[in-house]
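Step one of this worksheet: look at the structure below.
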Amino acid sequence: QVQLVESGGGLVQAGGSLRLSCAASGRTFRPYVMGWFRQAPGKEREVVSAITWGTGNTYYADSMKGRFTISRDNAKNMVYLEMISLKPEDTAVYYCAASNVWIPSHPKDYDYWGQGTQVTVSS
């Protein structure tokens, strides 16, 4: 019954910024963890960032180099990903996902997925 919808993707020049949003359905929506993933053509899906719903503790993949910031608005069932200093290698479809696992360590630990939003970074 949970539905996730991403938005905010688009075409941006290298060095630019984007803010992605993920809207979740349901008044009772309460995951343990919300995550952002991305998948580039010909590459495996990889985790970008994650945030615990209750405490707001965050995780970032090393390759993000501190350029990305995840946040959430529990009252609005929203999660965001602020991306700055974007690089062409950031080009991918970005997905948000919700996990009911206390400490997810794999994409299989996420139960719900959005359809993704395309981010294209040109040089």
Side-chain angles (χ1 to χ4, degrees):
Q1 246 261 62
V2 174
Q3 182 167 309
L4 306 176
V5 180
E6 304 94 337
S7 62
L11 176 63
V12 65
Q13 290 284 315
S17 302
L18 282 175
R19 185 197 192 203
L20 306 184
S21 299
C22 176
S25 66
R27 301 198 312 268
T28 61
F29 181 74
R30 187 173 176 80
Y32 296 145
V33 176
M34 290 292 296
W36 284 99
F37 294 77
R38 70 184 186 186
Q39 186 166 21
K43 299 184 66 177
E44 291 288 330
R45 178 177 51 186
E46 64 175 339
V47 65
V48 172
S49 183
I51 186 168
T52 60
W53 200 245
T55 63
N57 291 350
T58 59
Y59 163 86
Y60 298 95
D62 292 340
S63 59
M64 301 305 111
K65 301 179 180 179
R67 298 177 296 117
F68 293 4
T69 302
I70 191 171
S71 61
R72 84 279 191 266
D73 186 335
N74 303 71
K76 298 174 65 175
N77 292 343
M78 297 286 294
V79 62
Y80 308 96
L81 185 69
E82 292 275 0
M83 306 183 293
I84 65 171
S85 302
L86 284 163
K87 307 173 181 180
E89 50 262 48
D90 295 319
T91 295
V93 177
Y94 284 71
Y95 302 89
C96 67
S99 176
N100 291 316
V101 174
W102 291 108
I103 308 177
S105 60
H106 194 277
K108 70 179 181 181
D109 294 325
Y110 288 81
D111 303 298
Y112 306 103
W113 295 82
Q115 293 192 42
T117 185
Q118 176 71 48
V119 172
T120 302
V121 184
S122 61
S123 60

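The two residues Met34 and Ala98 have their closest heavy-atom pair at SD-CB, 3.4 Å. When all heavy atoms of Ser49 and Leu81 are compared, the pair lying nearest together is CB-CD1, 4.2 Å. When every heavy atom of Gln115 is checked against every heavy atom of Glu6, the shortest pair comes out as N-OE1, 3.1 Å. Shown here for Gln3 and Val5, the closest heavy-atom pair between the two residues is NE2-CG2, 3.8 Å.
Between the side chain of Arg72 and the backbone N or O of Trp53 there is at least one donor-acceptor pair closer than 3.5 Å.
Residues that satisfy the side chain to side chain donor-acceptor pair (under 3.5 Å) test with Ser71, not counting sequence neighbours, are absent from this structure. Residues satisfying the ring pair (Phe, Tyr, Trp, His ring centres under 6.0 Å) criterion with Tyr32, sequence neighbours excluded, are Trp102.
With rounding to the nearest 0.5 Å, the separation of CZ in Phe29 from CG in Leu4 is 5.5 Å. Cys96 SG to Trp113 CH2: the interatomic distance, rounded to the nearest 0.5 Å, is 9.0 Å.
Taking the centre of each ring, Phe68 and Trp36 stay at or above the 6.0 Å mark.
A cation-pi arrangement, defined by a distance under 6.0 Å to the six-membered ring centre and an angle within 45 degrees of its axis, is absent between Arg38 and Tyr95.
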Residues Thr117, Leu20; criterion side chain to side chain contact (heavy atoms under 4.5 Å, CB included); working and verdict: CA-CA 8 Å; Thr117 185; Leu20 306 184; 4.1 Å; yes

Side chain to side chain contact (heavy atoms under 4.5 Å, CB included) assessment of Tyr59 paired with Ile70: CA-CA 8 Å; Tyr59 163 86; Ile70 191 171; over 6 Å; no

